[in-house]
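Below is one structure, written out as structure tokens; the observations come after it.
What's counted below: heavy atoms across the whole structure, side chains too, no hydrogens, waters or symmetry copies. Source: prediction; values computed, not measured. Chain A is the first sequence line, chain B the second, and so forth, proteins listed ahead of strands; every chain is numbered from 1.
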Amino acid sequence: MVINEKFLLSAGAEVKEYNSGDIIFHDGATPHYYYQIIKGKVKLNNYNKEGKELIQKIITEGESIGESLLFIGKPYPMDAVALEPCSIIKLCRNNFFSMLNVYPQLYLDLCKELSDCLYYQYIMLQSNSSQNPSERIMGVLDYLKASKKDQAPFSFKIPFTRQQLASLTGLCVETAIRVIKDMERKKVVMIKDRKIYF
DNA sequence: CCATTAAAGTTGC
DNA sequence: GCAACTTTAATGG
């Protein structure tokens, strides 16, 4: 978790519940809150001109949402949408910065979180700029599994749908499905009950 | 439990 | 990448 929930609550934060599909903030909106996920999954996404969805990132328990924008005061460059019922703690901008004044050591935690996000962007841009669709999918899988304790083959159940994997890599679902099936033939992944194990 | 429908996954073109 | 098709999950009797 980025910041201990007790700190956030004592600084005046409140917990809000969201249903699947609820918008947490819109592309273009001004950031007024620091958000941190207590429970659930959230996607950060954009839509291109053709209406195709690009998912920048899917984030979950303990992670903060769009915190970088609070520091630079620019409008959100993406939507944040709940993918399942979520509990999210929100702290308004002023209280957030007051809290940082009182507990300056929290800057280190935020710095680490921002660095993790930046690292994710570096890695994903590299694999997503490949012409080869299987390298793009592998990029996501490798990144996700890197943080897991168990590195044994097929020990990690991919928590995303094929559509989400496609949107994360700028591919269309059909291509993602074909690539994943090919990876199954090559024994890179295992598919059981439609779930992907890597 | 079953029927209905929505969502996700699949396949041929 | 579209469209048709199959399978699974969700919803409401």
Mind checking whether A:Tyr119 and A:Tyr143 have parallel, tilted or perpendicular rings, split at 30° and 60°?
->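 Tilted, since the angle between the ring planes falls between 30° and 60°.
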Just say parallel, tilted or perpendicular for the rings of A:Phe97 and A:Phe71, cut-offs at 30° and 60°.
->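 Because their plane-to-plane angle is over 60°, the rings of A:Phe97 and A:Phe71 count as perpendicular.
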May I have the distance from [X] (atom [atom1]) to [N] (atom [atom2]), rounded to whole angstrom?
X        : N      : atom1 : atom2 : result
A:Asp193 : B:dT10 : CG    : C1'   : 16 Å
A:Phe160 : B:dA8  : CZ    : C1'   : 16 Å
A:Ile196 : B:dT10 : CD1   : C1'   : 13 Å

The first and last nucleotides of DNA chain C lying within contact of chain A, meaning any atom under 4.0 Å from one of its heavy atoms, run from C:dG1 to C:dT8
Hey, are A:Gln56 and A:Asn45 close enough side-chain-wise for a donor-acceptor pair under 3.5 Å?
->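 A:Asn45 vs A:Gln56: no donor-acceptor pair found between side chains.
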Just checking, is any N or O donor in the side chain of A:Ser134 or A:Asn132 under 3.5 Å from an acceptor N or O on the other one?
-> yes
Would you find a donor on one side and an acceptor on the other, under 3.5 Å apart, between the side chain of A:Ser115 and the backbone of A:Cys111?
->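 A pair under 3.5 Å: yes.
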May I ask you to decide if A:Met1's main-chain N or O and A:Glu63's side chain share a donor-acceptor pair within less than 3.5 Å?
->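 Judged by distance alone, no pair lies under 3.5 Å.
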Flag the pair A:Glu53 and A:Lys43 as a salt bridge only when some basic side-chain nitrogen lies within less than 4.0 angstrom of an acidic carboxylate oxygen.
-> yes
Please list, one pair per line, the donor and acceptor atoms closer than 3.5 Å that link side chains of residues 181-196 of chain A to other protein atoms, with sequence neighbours excluded.
residue	atom	partner	partner atom	Å
A:Asp182	OD2	A:Lys186	NZ	2.8

Kindly state which residues belonging to residues 161-181 of chain A come within less than 4.0 angstrom of DNA chain B, counting heavy atoms of the residue only, listed by number.
->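 Residues of residues 161-181 of chain A under 4.0 Å from DNA chain B: A:Thr161, A:Arg162, A:Gln163, A:Glu174, A:Ile177, A:Arg178, A:Lys181.
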